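Comments concern the structure below.
Remember, it's a predicted structure, so these values are computed and weren't measured experimentally. In listed order, ligands and their atoms are each counted from 1.
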Amino acid sequence: MGDIHSQRRRRFMEMMGPGSAALIVSHPEMIRNNDTLHEYRPNSDLIYLSGFEEPETALLILPGKAETPFVMYVRPRDRDKEIWTGRRAGVDGAVERYGASVAHPIGDLESTLPKYLEGVESLYMNLGQDPDRDRLGLEALNRTRRSSRTGTKGPVRLIDSASILHEMRLRKEPDEIEALARAAEISAAGHRAAMEVVRPGMYEYEIQAVVEYQFRRAGSRRFGFPSIVASGPNATILHYEENSRRLEAGDLLLLDAGTEWGYMSGDITRTFPVSGRFSEPQRRVYEIVLDAQKQAIEAAQPGAPFLAPHDAAVRRLAQGMIELGLLRGELEDVIREERFKRYYMHKTSHWLGMDVHDVGRYADGDSARALEPGMVLTIEPGLYVAEDDSEAPPEFRGIGVRIEDDVLITDRGNRTLTGGVPKEVAEIEAICGKLPLEDALRAEGRKIA
Ligand code: GLY
Ligand code: MN
Ligand code: MN
């Protein structure tokens with residue numbers, strides 16, 4: 001579909017070289033129970049190269065074959081099945097609407113693949129996630145071995161397509177940056193709505209509903225990941241997804257939620273007071289994390305190592321842990337001995353894009369790679385004091401704070417895509433709990449329309 005996918009295929013082919021082929025096969029559908037399936041989300045590589053969203057699909061990309069550089073395998077049209085489970089493009093649609101040179105029913109993949117792979121030496125595949133899929137590649141190698149005496153040539157090596165494709169996906173194109181910015185904007189509206197309505201007595205799942213309502217009503221098709229709505233001590237559980245607790249007066253609420261737009265994901269965390277005001281210990285922790293986050297964003301510069309934001313955040317957080325009496329000793333020792341990990345146990349950043357924890361290498365061999373314009377990463381330091389940490393000063397126990405923004409590296413510095421949600425203490429206290437539910441839903445809905 002569209003030019004963008006054929007341009008990507010062309011670039012992919014140039015990097016693969018003529019004696020090669022790429023086979024990108026869809027994820028299998030997952031049974032939820034009996035004949036009911038989990039929601040299907042096509043794998044990002046396949047979408048990236050084709051825009052084709054149906055399950056049971058394979059793309060075969062053949063740079064050396066002038067007549068058939070792009071072969072698609074798809075579900076055939078089937079009137080009965082389409083009545084039950086929805087429209088299919090079919091083989092004709094694959095050619096007419098998705099730019100396939102030729103298309104086959106997916107059931108013919110195994111029988112027709114050997115012919116297409118004749119003369120191909122290297123086969124690129126999205127390996128390692130589905131044994132059934134990997135088997136296709138292994139069989140292709142085996143076939144070559146078996147037929148070597150007849151002179152038929154086929155693939156002699158399998159290569160992970162990630163080595164090319166994921167590096168392409170790591171550097172975002174202008175269209176992708178636009179989609180990410182929109183995902184960030186909608187994600188921000190969800191967070192603002194949550195802040196506006198939050199009150200003691202609500203349940204975490206009600207906040208989740210408010211946030212996700214904004215996401216969906218803005219036209220987002222699905223969320224980037226399961227929303228984390230963690231109140232009180234639940235905020236010290238990094239990926240808490242139960243979302244079942246009642247919000248108590250005086251709690252902090254940690255909300256980590258983001259939505260998809262155009263197959264690009266937002267990823268925002270804010271931590272805010274359920275009663276509208278931070279307590280003194282909460283504020284002290286919060287200000288340290290906020291300061292760490294700002295310093296980490298400042299460190300996210302083109303040419304800087306990927307870990308520069310993390311190192312900046314760790315330094316400020318470790319200093320803060322000493323200030324709060326959580327840790328004792330010299331800052332340099334705390335950092336060198338990694339004692340900060342007791343209260344900050346995750347990394348500060350991950351790539352962000354089609355997948356919330358997006359693809360692309362983080363290191364070149366032993367050294368962290370340099371940030372480049374067009375890369376997008378999260379900056380999400382936190383500080384978490386377990387409720388039962390008997391060594392921590394009592395006033396900090398059960399406090400968890402994380403602040404997360406999405407940052408695009410630009411030629412001259414960086415751009416925060418998620419700036420639409422407050423994070424200064426005064427701004428947060430000004431917005432929290434200020435609107436009745438209906439008003440907040442309507443107001444935010446208008447802003448992102
Ligand atoms: N929402 C998951 C993460 O922040 O990595
Ligand atoms: Mn994240
Ligand atoms: Mn997150």
Side-chain angles (χ1 to χ4, degrees), residues 41 44 169-170 172 179-181 183-195 204-205 207-208 211-212 214-215 220 222-231 234-243 252-261 263-272 286 289-290 292-294 296-297 299-300 306-310 312-314 317 341 343-360 362 371 375-384 400-409 414-423:
R41 202 282 193 178
S44 298
R169 281 176 50 193
L170 177 56
K172 272 62 183 179
L180 267 167
E185 184 186 25
I186 299 169
S187 302
H191 278 258
R192 285 194 308 263
M195 289 180 181
E204 291 168 344
Y205 52 76
I207 298 290
Q208 178 181 0
V211 174
E212 294 179 354
Q214 294 300 349
F215 293 172
S220 175
R222 61 176 85 72
F223 315 133
F225 53 92
S227 303
I228 295 166
V229 188
S231 65
N234 291 340
T236 64
I237 302 168
L238 302 179
H239 280 180
Y240 170 83
E241 291 171 12
E242 224 175 278
N243 302 353
L252 285 182
L253 180 68
L254 184 156
L255 172 63
D256 183 349
T259 203
E260 258 189 34
W261 182 264
Y263 281 96
M264 285 285 163
S265 182
D267 186 9
I268 301 179
T269 307
R270 289 293 184 268
T271 309
F272 44 95
Y286 187 88
V289 177
L290 182 60
Q293 204 234 12
K294 288 178 181 171
I297 292 176
F306 170 78
L307 283 176
H310 180 63
V314 160
L317 290 170
K341 283 190 170 172
Y343 301 107
Y344 182 45
M345 51 298 276
H346 60 83
K347 285 279 195 291
T348 303
S349 303
H350 53 80
W351 302 130
L352 183 71
M354 299 185 82
D355 301 331
V356 63
H357 293 171
D358 207 27
V359 295
Y362 285 96
L371 297 172
M375 293 177 172
V376 177
L377 68 163
T378 63
I379 306 272
E380 49 177 311
L383 204 161
Y384 314 90
V401 172
R402 179 162 66 250
I403 306 172
E404 174 174 30
D405 280 304
D406 304 341
V407 172
L408 165 71
I409 304 298
N414 66 53
R415 184 176 131 213
T416 297
L417 303 175
T418 41
V421 211
K423 63 180 176 185

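Looking at Y344 and L383, their side chains never come closer than 4.5 Å, going by heavy atoms from C-beta outward. No side-chain heavy atom of M195 sits under 4.5 Å from any side-chain heavy atom of L255. No side-chain heavy atom of T348 sits less than 4.5 Å from a side-chain heavy atom of L307.
Salt bridge status for R415 with D405: absent, with no side-chain N to carboxylate O gap under 4.0 Å.
Contact between A296 and I379 at its shortest, heavy atoms only, is CB-CG2, 3.5 Å. The shortest non-hydrogen separation linking L253 to V229 is CD1-CG1, 3.8 Å.
Counting just the N/O/S atoms of D267, the one with the shortest distance to the Mn ion (ligand 2) is named OD2. Among heteroatoms of the N, O or S kind in D256, OD1 lies nearest the Mn ion (ligand 3). Restricting E380 to its N, O or S atoms, the one at the least distance from the Mn ion (ligand 2) is OE2. The N, O or S atom of E404 lying closest to the Mn ion (ligand 2) is OE2.
Between the side chains of Q208 and S227, no donor-acceptor pair is found at a separation under 3.5 Å.
When each atom of ligand 1 is checked for a heavy atom of E404 under 4.0 Å away, the hits are 4 (O). Interface of H357 with ligand 1, defined as ligand atoms under 4.0 Å from a residue heavy atom, comprises 2 (C), 3 (C), 5 (O). Taking a cut-off of under 4.0 Å to the non-hydrogen atoms of H239, the atoms of ligand 1 that pass are 2 (C). Close approach to H350 involves these atoms of ligand 1, each under 4.0 Å from a residue heavy atom: 3 (C), 4 (O), 5 (O).
In summary, an N, O or S atom of H350 is located under 2.8 Å from the Mn ion (ligand 2).
In this structure, Y362 and W351 have parallel ring planes: the angle between them is below the 30° cut-off, well short of the 60° mark.
Each of E404, E380, H191 was checked for a side chain to side chain donor-acceptor pair (under 3.5 Å) with T269, and the lone residue meeting it is E404.
At least one heavy atom of D256 sits less than 4.0 Å from an atom of ligand 1.
Distances between N or O atoms of T269 and those of ligand 1 include no value under 3.5 Å.
When the options D267, V356, L352, I268 are ranked by their closest heavy atom to atom 3 (C) of ligand 1, first place goes to D267.
Neither the backbone nor the side chain of T378 comes within contact range of ligand 1; no heavy atom lies under 4.0 Å.
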